[in-house]
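Before any comments, here is the structure.
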2 protein chains.
Amino acid sequence: MPLELRVDRSSPVPLYFQLSQQLEAAIERGALTPGSLLGNEIELAGRLGLSRPTVRQAIQTLVDKGLLVRRRGVGTQVVHSQVKRPLELSSLYDDLEAAGQRPATQVLVNTVVPASAEVAAALNVAEGSDVHRVERLRMAHGEPMAHLCNYLPPGLFDLDTGQLEATGLYRLMRAAGITLHSARQSIGARGAAPEEAERLAEQAGAPLLTMQRTTFDDTGRAVEFGTHTYRPTRYSFEFQLLVRP
Amino acid sequence: MPLELRVDRSSPVPLYFQLSQQLEAAIERGALTPGSLLGNEIELAGRLGLSRPTVRQAIQTLVDKGLLVRRRGVGTQVVHSQVKRPLELSSLYDDLEAAGQRPATQVLVNTVVPASAEVAAALNVAEGSDVHRVERLRMAHGEPMAHLCNYLPPGLFDLDTGQLEATGLYRLMRAAGITLHSARQSIGARGAAPEEAERLAEQAGAPLLTMQRTTFDDTGRAVEFGTHTYRPTRYSFEFQLLVRP
DNA sequence: GCGGTCTGATTGTCCGGACATACACATTGA
DNA sequence: TCAATGTGTATGTCCGGACAATCAGACCGC
């Protein structure tokens, strides 16, 4: 029983996308077991009434995701288990929500300030020009988890304090029509300064996890620069790195 | 002067790859300035004597890398500066070498042990079955930088202590014909236990950066599981995350 | 002046075909 | 027995064409 696949030619969603989604779903639910061959592309195309390039395009996206492996002369097979879907550019808010933690946010600062040299360099704006500054305390279960300090270029969208407390920065950006593309991150650790310690209900000198991040949209524009500190007993970074071929 | 591009049809390297490399080089050296249009695909194909699908394939790889942006009805333009090339799955050894630090490695342990439950789960082998265990101390400028404890499934390749001291684990894997695909990482921080502190020439309770990683090859097989601790004053993680569309 | 509409340009999707290349396996030869 | 050779099969590369969807800007009517 060679797996039921169908495409809807009247749908506006591209055929290759329909196919790749169905294949991904089949893998996800175990209908395609790890190691099993997918059947050759020509036959698959014929069965679906598609052309080979279209089938190849569908397969390629899953290969990029690491769900399939192609081997010349052998065929395309489902990857040998393990590898889960690569994590997206993580949003602390989404992470917490996914973990069922019901995050709460307290906006400490939401204002416009002149850009320091560091911020100006990160956002690629003139030093001293206006940038938004947002400082937040993120909590879960009533306990502080992280201190987030972000800078954004002006005119991107309006930063409403109420919205900032209700959701995450990334969601607001996406809602404003910004397509996030990538982020450059730096993760380190250091002992908490007295001021930091108090904010996060830790002792001075306690280990803190630090993250600096610049996020870019799909035009290569820097849309956010942030310096974050996390309580390592409450949070750690989980993500998946892909090797670029 | 619309940029000099040429492909060599007698070369065994694929045409789309030749083209994408030339375009990338042109962007890298500034011959294609950020924001500039690339010229439409049909005309470009005609100028190079290639077909449009081939040109598209070349462009697509650069779009995936974040160097180009396509906009329907407008054209393809070079991304608006900033975004550098995404970092590869980082190898501490390569990182250090790239930074001109001339890393040194001291192999503390190189043996075969029965897999603990945690290791067995990570490597997807039976609990209690044989796995390699490698423990290393990595130093730069005579100072310890990180303590690396790795587990590898048996029979992958032979772990020579001498080679382990001369280069990094990833390089050995690649040399053994293993194609790395992705890695799942978890980065956190904690205070150093007395034993750890002594190993890394830190004080007990000093902040340490910790990383756990499972690396997969292109068939989805787990090829390495490691628990590392770093001195945060000497090292931090830098990488680029891509948003999966 | 202002807003909607038409038009041209460009990428997005899809097709059908052709040949090259690499791998697994069976066959053959020493 | 073992290595070299052949063979089939699958993916890899490339072509030429067709039509659709979308964007920017010019055009037109109010």
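FYI, side chains are in, hydrogens and waters are out, and symmetry mates aren't considered; it's all heavy atoms of this structure. All values derive from a computational prediction rather than experimental measurement. First the proteins, then the strands, lettered A, B, ... as listed; each starts at 1.
- Comparing B:R56 and A:L50 along DNA chain C, the residue whose closest nucleotide (by nearest heavy atom) sits nearer the 5' end is B:R56.
- Across the protein-nucleic acid pair, B:N40 atom CG and C:dG12 atom P stand 12 Å apart, rounded to whole Å.
- Between the CD1 atom of B:I59 and the C1' atom of C:dT11 there is a distance of 10 Å, rounded to whole Å.
- A side-chain donor from one of B:Y170 and B:T215 sits under 3.5 Å from a side-chain acceptor of the other.
- In this structure, B:P14 reaches the sugar-phosphate backbone alone: every heavy-atom distance under 4.0 Å involves primed, P, OP1 or OP2 atoms, never a base.
- One atom, CG of B:L37, and another, C1' of C:dT11, lie 12 Å apart when rounded to the nearest Å.
- Atoms CD and CG, from B:E43 and B:L38 in turn, are 9.5 Å apart once rounded to the nearest 0.5 Å.
- Residue B:I42 contributes atom CD1, which lies 12 Å from atom C1' of C:dG12 at whole-angstrom precision.
- The closest side-chain donor-acceptor pair between A:T161 and A:N110 falls under 3.5 angstrom.
- Salt-bridge formation is detected for the pair A:K65/A:E24: a Lys NZ or Arg NE/NH1/NH2 atom is positioned less than 4.0 Å from an Asp or Glu carboxylate oxygen.
- You can see that DNA chain D meets the heavy atoms of chain A within a 4.0 Å-exclusive cut from D:dT9 to D:dT13, reading 5' to 3'.
- The nearest whole Å value for the distance from the CD atom in A:Q60 to the P atom in C:dT13 is 15 Å.
- Atom C1' of nucleotide C:dT13 and atom CD of A:Q57 are separated by 7 Å, given to the nearest angstrom.
- Residues of residues 68-75 of chain B that place a heavy atom closer than 4.0 Å to DNA chain D, in numerical order, are B:R71, B:R72, B:G73, B:V74.
- Between A:F239 and B:F239, the ring centre distance stays below 6.0 Å.
- Using a 4.0 Å heavy-atom cutoff across all strands shown, B:G46 reaches no nucleic acid atom at all.
- Under the 3.5 Å distance criterion, the side-chain polar atoms of B:Q18 are matched with a main-chain donor or acceptor of B:V13.
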- Message: Assess the residue pair B:L152 and B:V223 against the criterion (side-chain contact (heavy atoms from CB on, under 4.5 Å)); give the C-alpha distance rounded to whole Å, side-chain angles, the decisive distance to 0.1 Å, and a yes or no.
- Response: CA-CA 6 Å; B:L152 293 88; B:V223 293; over 6 Å; no
- Item | Step-by-step salt bridge (Lys or Arg N to Asp or Glu O under 4.0 Å) determination, B:R56 to B:E41 | CA-CA 7 Å; B:R56 274 182 70 78; B:E41 298 169 349; 3.1 Å; yes
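- Note that CD1 of A:I27 is 5.0 Å distant from CG of A:L67, once rounded to the nearest 0.5 Å.
- Look at CD on B:E41: it is 9 Å from C1' on C:dG12, rounded to the nearest Å.
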